[in-house]
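Report on one structure; see the data block that follows.
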Amino acid sequence: MSTPTTLASAIARASAPAPRGRLHVVALVVLLGATAALYLTGITVSGWGNVFYAAAAQAGAHSGHAMLYGASDMPASITVDKPPASIWLMALSVRLLGLSPFAVLLPQALLGVATVALVYVTVRRVAGPGAGLLAGAVAATTPVSALIFRYNNPDALLTALLALAAYATVRAIEHARVRWVVLVGAAIGFAFLTKQLQAFLVVPGLVLGYLVAAPVPVRRRILHLGIAAAAVLVSAGWWVAIVQIVPAADRPYIGGTTTNSFLDLTFGYNGLGRLVGGSGNGTLGSGAGLLRLLAGFTGLRMLVGNTGRGVAWLLPAAFVLGAAALVLLARRPRTDARRALLLVSLGTLVVSAVAFSVMAGIYHSYYTVAMVPALAAVIAVSAEVVWSRRAERQARVVLAAVVAGTAVWTSVLLLSTPAALFPLAVVVLVAGAVAAVLLLGPGWAPGRSRPVMASALVVALLVPLAASITTAAVPHSGSGPTTSYASAPDVTPSPAVVALLERSGGTNWAAAVDGSVPAARYQLASGRAVMPIGGFKGIDPTPTLQQFQARVAAGRVHWFIGSDGEIGRWVAANYPQTQVGGTTLYDLTAPPGQPAPGQVPGAVTPGARQ
């Protein structure tokens, strides 16, 4: 049986009517429909989203060579600073639907719905449909989900793949079947091809859960982990092998590196560089990087600022409930499925929280979206475990403390959100108080269960849902959405320059410009390839002056925009300049040193910043 068929069958079985009727199926349909509405409605409010990746999708839709490597431009001069898996999905969408912001952003929204479905089937399998619905609702309404599943950063695909890995791990633990072990490794491998080392933050939790709970002897468990590791190597290694084997002259430059090496990108810019700052290629000999790393290891980053608003609404509750559930499950058989999923999910939360807390290099709060499937699973499974013991006063005390504490914590976080959300604090505090009183009051009776559950759901979901709606309504742009609520300014290329590029034919690149983001904006607006000089930050050593001179001499580049850097100064000193729509351009098809018809040389000082 193929893996897609197996997964589809599993979702169908998980969605089948429960003995109590079709209520849970209806609820699941409503949940997934509402999730799709949240992620798809007005999705183009952010325009192209991250133009850096949108331009790569545009390039991939035009060129299989550019698509394979995740190149920024159609002639494939340089890649984006991540592996290309997420680019593949967007490029296929653009090929099917045509180039538009909707085509670029649609795959992320669909991945969001798939993630919620995967979280549901994973939790339902071990804790029942009610817990599955709660887990899906938590995953769907966490604000960072509404941010990323409406945006075209790689984190959307990463999160869906990690959710798939967790589902496959649960299936593997049930009967220790190798096909599920292989699927775990394959999901992690493709997650690596999405965002490199961040994919491995879930591995400790997955390994712990399988080692503890798989129903086979220890030696066989270890063997299966080796098989999973081999699956990771195969599913990720084929593309890495292509990049390493193909001569550098026959593939794009690896963006984000100074050495044109994917391994450098993996362990430098996207590896140690994230932890200690800089490129990650230096040492900690000065102690500065180590001090920054140690200073970040406070855990506070997860609870404050953009990170807190994005993911921390239920994070304290997850750790408290998770610990309580593990205590209550301590006497269960080693293979207990609920405890296994808790070990997998809590392990992921702990490792991810520590990693994000200590990062002293480039950090964006939206990275935490990868924690959402684990967060949702912990909340739902541990709530089910503790709630099932509600006849015992100790369990009710834990539930009361968690619900009341979450209500207070939610009210604190609300202080850093838009003022329109402030009144929700009253609702949440009242609901938390009602639940606590009902749980702790004398003479517990089953009749109190429904009002307690209703109050707890209000505390857990109301404000995150409102914050998610607020997040979805606000446009985000730039290199990535760094905040859940404030929009980032965008820069629209001059229509006159765009028209000029559209008319530029006969060359591989209509223009060249410093930096991948400006190049992406011109490329998306004109539909013509624009060469990014220096990559995302403008500091990648590509193309060199000699390489650029050779391309110009071969008639492969028409215009140069601006006059920055070594290449810009050479262009300004040798080619005629013109002003179009307030932008400085140089015609590289004109004879060096001679003005093109209708152009005036020397309008600005060569080398001056425009």
Original post:
Considering only heavy atoms from C-beta outward, does the side chain of Tyr69 approach that of Val246 to under 4.5 Å?
Top reply: yes
Subject >> Whether Phe52 and Phe536 hold their rings parallel, tilted or perpendicular, with breakpoints at 30° and 60° >> reply: tilted
**OP:** For the pair Phe356 and Tyr363, name the ring-plane relationship: parallel under 30°, tilted 30 to 60°, perpendicular over 60°.
**Re:** tilted
Original post:
What is the ring orientation for Tyr39 with Phe149, classed by angle as parallel under 30°, tilted 30 to 60°, or perpendicular over 60°?
Top reply: tilted
**OP:** Would you confirm whether the ring centroid of Tyr53 sits within less than 6.0 angstrom of the ring centroid of Trp48?
**Re:** no
**OP:** Say whether, by atom type as modelled, one donor and one acceptor occur between the side chain of Gln523 and the main chain of Ala529 under 3.5 angstrom.
**Re:** no
**OP:** Report yes or no: does Ser46 contribute a side-chain atom to a donor-acceptor pair with the main-chain N or O of His476 at less than 3.5 Å?
**Re:** yes
Original post:
How far does CD of Gln58 sit from OG of Ser100, to the nearest 0.5 angstrom?
Top reply: 11.5 Å
Subject >> Donor-acceptor pair, side chain of Ser93 and main chain of Ala103, under 3.5 angstrom >> reply: yes
Original post:
Counting distance only, does the side-chain N/O of Arg301 pair as donor-acceptor with the main-chain N or O of Ser365 below 3.5 Å?
Top reply: no
Subject >> Expected output: side-chain Thr35 to main-chain Val113 donor-acceptor under 3.5 Å >> reply: no
Original post:
Do you know which of Thr307, Asn153, Asp155, Asn306 makes side-chain hydrogen bond (donor to acceptor under 3.5 Å, both in side chains) with Tyr366?
Top reply: Asn153
Subject >> Check: Leu68 main-chain N/O paired with Trp239 side-chain donor or acceptor under 3.5 Å >> reply: yes
**OP:** Indicate yes or no for a side-chain donor-acceptor contact from Thr471 to the backbone of Ala467 under 3.5 Å, with no hydrogens or angles considered.
**Re:** yes
